[in-house]
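Below, chains carry the letters A, B, ... as their sequence lines are ordered, and counting in each starts from 1. Here the structure is a predicted model, which means the values were calculated and not measured.
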Amino acid sequence: MVKITFPDGAVREYQPGITALEIAKSISEGLAKKVLAASVNDQVWDATRPIYNDSTLKLLTWNEAEGKSTFWHSSAHLMAEAVESIFPGVKFWVGPPTQNPPGFYYDMDLGDRKITEEDLRAIEKKMTELSRQNNSYIRKDISKKEAVQYFEEKGDEYKLDLLQSLDDGAITFYSQGNFTDLCRGPHIPQTGLIKAIKLTNIAGAYWKGDENNKQLTRLYGITFPNQKELDEYLQMLEEAKKRDHRKLGKELGIYTMDDDVGQGLIMWLPNGTVIIEELEKLAKETELKAGYKRVVTPHIAKESMYLTSGHLPYYADSMYPPMEVDGEKYYLKSMNCPHHHKIFAAEPKSYRDLPYRIAEYGTVYRYEQSGELFGLMRVRCLHMNDAHIYCTREQFASEFRAVNEMYQKYFKIFGIDKYVMRLSLHSADKLGKKYVNEPELWKETEEMVRQVLIESNIPYVEVQDEAAFYGPKIDVQIFSVIGREFTLATNQVDFSQGRSFKLQYTTPDNSTETPLIIHRAPLGTHERFIGFLLEHYAGKLPLWLSPVQVKVLPISDKFMDYAQNVLESLKNADIRAEIDDRPEKIGRKIRDTELARIPYMLIVGEKEVNEGTIAIRRQGKGDLGSKTVDAFIEAAVEEIKARVAE
RNA sequence: GCCAGUGUAGCUCAGUUGGCCAGAGCAGCUGAUUUGUAAUCAGCUGGUCGGGGGUUCGAAUCCCUCCACUGGCUCCA
């Protein structure tokens with residue numbers, strides 16, 4: 001007998017070779033119908049795989065993340081089966097489940113054939129048909145030799161490539177219906193569990209993600225155990241589109257772009273400019289308190305500086321091509337740091353000057369590939385909340401920690417709680433190519449950063465090959481409403497440019513040292529940050545950031561004089577206010593103001609004129625009752641000053 | 001950059017198999033209405049159908065090309 005330990009601690013005995021599915025059946029038929037996979041000794045297994053040893057067991061259903069991913073992985077196989085029946089001779093690469101966006105894809109080589117939207121519908125139909133056959137997913141151990149033979153006969157060079165990296169004895173095939181695939185598994189018991197199917201899009205994907213390789217066709221899809229969940233998912237996507245920053249940016253008059261100006265170049269409209277100015281005000285206040293000094297630098301510089309900085313060897317692909325002036329090459333700056341280093345170097349520094357912190361909302365230009373551009377989130381001209389801190393090795397930890405604290409302070413103001421802190425490390429095999437070739441300094445500084453994170457109790461994940469060329473960094477990763485991941489803010493160490501620029505300070509014993517440099521941008525760039533905020537707040541910006549904070553709505557023209565007086569009082573209190581002087585009914589004025597996401601509506605009619613008050617209405621919340629103008633102004637000014645997040 | 005899709009008025013969209021002056025709603029303008037918490041009524045204006053080239057008696061519609069936008073370009077069996 002084998003002893004099975006359940007999550008609640010209960011232990012029961014079964015015949016050796018029992019499967020998780022059979023165990024589920026012995027508990028209840030209803031449960032058995034929901035089981036997608038099983039966690040056996042913390043490994044995800046097929047629910048139909050026999051268990052011969054004492055084990056812990058957790059049944060996995062749609063409610064568990066592993067249940068979902070197994071379901072989608074099996075869906076990818078089902079899609080492959082459908083594709084193969086419609087397009088015989090297709091060769092497959094890999095078909096994993098995905099979390100973000102949820103679902104799965106399969107990469108395939110269709111030769112010269114092209115897949116169209118109609119083909120997707122045909123594949124969906126075929127998948128439904130195959131699902132109705134309710135075929136079992138069958139696991140089979142196979143020797144490497146047999147596996148190679150199978151795919152040689154099939155002529156699938158991609159699977160053969162995969163097999164090369166696998167060890168004999170650890171290779172399995174999975175089959176369902178007429179489809180067999182090299183696969184680690186696990187899979188759900190039968191195809192019939194996949195009831196609702198939607199193939200979402202067709203895309204090109206370079207083999208192994210390398211643009212020098214052949215481009216394969218990638219089909220994306222999502223499936224659910226029932227139609228209702230699929231409908232809800234599609235509904236949710238529709239809702240997400242409504243808070244897409246590109247849609248809100250247009251509706252609220254935040255920014256615009258124009259073919260004649262160029263791709264990825266944002267023009268901020270008056271409303272967007274108000275947001276920018278408020279953000280800069282916040283940054284300046286915060287940085288002043290934290291001991292930063294402000295600087296301003298030009299948008300271009302000579303080639304020689306970027307050779308010194310290392311941008312040209314390491315970062316040239318991301319820079320606009322140079323322009324030639326008086327026989328010299330000038331580049332648009334892609335980063336502010338070299339200019340700032342020159343400011344540091346402008347006067348001799350002593351240890352007494354450190355930490356030396358200089359800040360600038362710097363405009364930089366980056367040549368992003370046209371296909372990468374995305375609304376405000378990925379653009380070619382950006383305004384960075386940039387600053388550089390030059391410090392000693394001893395000062396590093398406290399300076400780096402102070403920057404992290406500044407992040408936290410900002411995140412609190414904006415109510416940002418869904419993000420991932422990522423410790424971005426270098427990749428040793430790219431030293432001298434993507435990263436400066438200083439293996440020891442990389443190790444040392446990476447450990448310094450890790451220690452600060454641990455000491456500050458900041459949860460983080462470590463990721464290889466995402467560092468800056470000059471050092472490791474912490475990135476704050478956020479997600480756009482359509483699920484794309486972006487770096488919002490960044491805090492970087494630089495052990496390289498200080499030496500390249502021969503930056504020095506005099507130590508107490510009159511020798512010279514090179515400072516460490518921290519690059520930091522807690523508010524990222526205006527472009528990405530405002531794009532994020534629009535989605536984060538669904539366009540309903542907090543009062544302090546709203547381009548128009550208050551709209552005065554007279555019931556009719558008769559009360560226009562009074563409304564003008566109210567407007568004057570608001571303006572005198574530095575509140576951004578407007579008056580709706582159209583000859584419309586009050587219901588219409590309210591509707592339009594609500595849709596413009598203006599936080600406060602002050603309604604004035606006969607009653608208010610007689611009583612010397614205003615009727616207050618809050619966007620999204622409705623009527624808040626009456627107050628005197630002065631009382632309203634006092635409260636509103638307080639709300640603005642405290643930057644209440646709403 | 002590459003793969004796929006899209007491009008009709010400021011916005012959201014119609015435009016049958018190529019065929020009369022390219023339509024609607026909203027916005028805008030003009031006039032009437034003077035209104036109490038999410039759309040008052042009427043009239044009018046507005047479009048090189050993304051740009052260029054081609055096929056045709058005839059092109060928003062078919063073909064070529066360029067541009068822009070949208071989704072994707074390792075979450076590795």
| message | Side chain of Ile202(A), heavy atoms from C-beta onward: which of U34(B), A4(B), A38(B) has the nearest atom to it? | response | A4(B)
| task | May I have the distance from Asp161(A) (atom CG) to U74(B) (atom C1'), rounded to whole angstrom? | result | 13 Å
| query | Reckon Ile171(A) touches a base, only the sugar-phosphate, or nothing at all at heavy-atom distances under 4.0 Å? | reply | base
| request: Please work out if Lys607(A) contacts a base, only the sugar-phosphate, or nothing of the nucleic acid, heavy-atom cut-off 4.0 Å. | output: base
| Span that lies between the P atom of G31(B) and that of A38(B), in whole angstrom | 29 Å
| Ile222(A) CD1 to G71(B) C1': how many Å, rounded? | 15 Å
| Contact summary for Leu570(A) and Ala577(A), nearest pair of heavy atoms | CD1-CB, 3.7 Å
| task | If U56(B) has a Watson-Crick or G-U wobble mate with both distances under 3.5 Å, name it; if not, just say none. | result | none
| said: Roughly how many Å apart are C62(B) and C26(B), using the P atom of each and rounding to a whole number? | reply: 31 Å
| task | With P as the reference atom in both, quote the distance from A42(B) to A27(B) in angstrom, rounded to an integer. | result | 13 Å
| message | For G72(B) and Arg218(A) - does any side-chain N or O of the residue sit under 4.0 Å from the phosphate oxygens OP1/OP2? | response | no
| query | Can you tell me how far P in U8(B) sits from the matching atom in G15(B), rounded to whole Å? | reply | 14 Å
| query | Under 6.0 Å from the six-membered ring centre of Trp62(A) and within 45° of its axis: does the NZ or CZ of Lys68(A) meet both? | reply | yes
| said: Once you apply a heavy-atom cut-off of 4.0 Å, does Glu608(A) come out as touching a base, just sugar-phosphate, or nothing? | reply: base
| note | Regarding the side chain of Asp259(A), the nearest nucleotide among C76(B), C67(B), U74(B) is C67(B)
| request: Give the nucleotide from the list A68(B), G36(B), A38(B) with an atom nearest to the side chain of Gln263(A). | output: A68(B)
| query | Starting at the 5' end of RNA chain B, which residue's closest nucleotide do you reach first, Gly587(A) or Ala170(A)? | reply | Gly587(A)
| Does U12(B) have a Watson-Crick or wobble partner in any strand here, with both distances under 3.5 angstrom, and which is it? | A24(B)
| P gap between G54(B) and A14(B), integer Å | 30 Å
| request: Give Ala203(A) one of three labels, base, sugar-phosphate or nothing, depending on what nucleic acid heavy atoms sit under 4.0 Å from its own. | output: base
| said: Which nucleotide wins on minimum distance to the side chain of Ala615(A), given the candidates U33(B), G36(B), A38(B)? | reply: G36(B)
| said: Measuring only the P atom in each nucleotide, how far is A24(B) from U56(B)? A whole number of Å is fine. | reply: 34 Å
| For Trp207(A), which contact category applies under a 4.0 Å heavy-atom criterion: base, sugar-phosphate, or nothing? | nothing
| Considering only side-chain heavy atoms of Gln215(A), which listed nucleotide, C3(B), U34(B), A38(B), is closest? | C3(B)
| Quick one: does Trp268(A)'s side chain get under 4.5 Å of Leu376(A)'s, heavy atoms only? | yes
| request: Looking at every strand, decide which applies to Leu166(A) at a 4.0 Å heavy-atom threshold: base, sugar-phosphate, or nothing. | output: base
| remark: For G7(B), the nucleotide meeting Watson-Crick or G-U wobble distances (both under 3.5 Å) is C67(B)
| Whole-Å distance between U33(B) P and Lys558(A) NZ? | 13 Å
| query | OP1 or OP2 of C76(B) sitting under 4.0 Å from any side-chain N/O of Tyr105(A)? | reply | no
| task | If U17(B) has a Watson-Crick or G-U wobble mate with both distances under 3.5 Å, name it; if not, just say none. | result | none
| query | Salt bridge check: are Glu239(A) and Arg243(A) linked by an N-O gap of less than 4.0 Å? | reply | no
| Side chain of Gln99(A) - closest among U37(B), C11(B), C75(B) | C75(B)
| Do Tyr220(A) and Arg218(A) pass the side chain to side chain donor-acceptor pair (under 3.5 Å) test, and can you show the C-alpha distance, the side-chain angles, and the key distance before you say yes or no? | CA-CA 6 Å; Tyr220(A) 280 89; Arg218(A) 174 175 294 184; 3.0 Å; yes
| For Asn201(A), which contact category applies under a 4.0 Å heavy-atom criterion: base, sugar-phosphate, or nothing? | sugar-phosphate
| Mind checking whether His536(A) and Phe532(A) have parallel, tilted or perpendicular rings, split at 30° and 60°? | parallel
| Of the listed nucleotides C75(B), G1(B), U35(B), the one nearest the side chain of Glu211(A) | G1(B)
| field | Pairwise C1' distance for C69(B) and G51(B), with rounding to whole Å | value | 15 Å
| query | In terms of side-chain geometry, is the basic nitrogen of Asp156(A) or Lys154(A) positioned less than 4.0 Å from the acidic oxygen of its partner? | reply | no
| said: At 4.0 Å (heavy atoms only), tell me whether Tyr220(A) reaches a base, stays on the sugar-phosphate, or touches nothing. | reply: sugar-phosphate
| field | Arg588(A) side-chain proximity, nearest of A27(B), C67(B), G71(B) | value | A27(B)
| said: Under a 3.5 Å cut-off for both contacts, is C73(B) paired Watson-Crick or G-U wobble with anything, and if yes, with which nucleotide? | reply: G1(B)
| message | Can you confirm if the NZ or CZ of Arg618(A) lies within 45° of the ring axis of Tyr600(A) and under 6.0 Å from the centre of its six-membered ring? | response | yes
| said: Between Arg617(A) and Asp623(A), does any NZ, NE, NH1 or NH2 come within less than 4.0 Å of an OD or OE carboxylate oxygen? | reply: no
| query | Taking only N and O in the side chain of Arg246(A), is any of them less than 4.0 Å away from OP1 or OP2 of G71(B)? | reply | yes
| said: Using a 4.0 Å heavy-atom cut-off, does Gly253(A) contact any base of the nucleic acid, only the sugar-phosphate backbone, or nothing at all? | reply: nothing
| task | For Thr593(A), report the nucleic acid contact type (base, sugar-phosphate, nothing); a contact means any heavy atom under 4.0 Å. | result | nothing
| request: State whether the distance check finds a donor on one side and an acceptor on the other, under 3.5 Å, for side chain Tyr367(A) versus base G1(B). | output: no
| field | Euclidean distance for P, C11(B) against C21(B) (whole angstrom) | value | 27 Å
| query | So what does Leu182(A) hit on the nucleic acid, given a heavy-atom distance under 4.0 Å: a base, only sugar-phosphate, or nothing? | reply | base
| message | So Gly371(A), base contact, sugar-phosphate only, or nothing? Heavy-atom distance under 4.0 Å. | response | base
| remark: Nearest-nucleotide check on RNA chain B, Gly605(A) vs Gln369(A); residue mapping nearer the 5' end is Gln369(A)
| note | Which of U35(B), A38(B), C73(B) is nearest the side chain of Ser556(A)? It is U35(B)
| request: Using both distances under 3.5 Å as the test, list the Watson-Crick or G-U wobble partner of C49(B), or none. | output: none
| said: Looking at C41(B), which nucleotide sits across from it as a Watson-Crick or G-U wobble partner, both distances under 3.5 angstrom, or is there none? | reply: G31(B)
| query | Given atom OH of Tyr158(A) and atom P of U74(B), what is their separation to the nearest angstrom? | reply | 16 Å
| Can Glu368(A) and Arg378(A) be counted as an ion pair, charged N to O under 4.0 angstrom? | yes
| request: Identify whether any heavy atom of Lys585(A) sits under 4.0 Å from a base atom; if not, whether one sits that close to sugar-phosphate; answer base, sugar-phosphate or nothing. | output: base
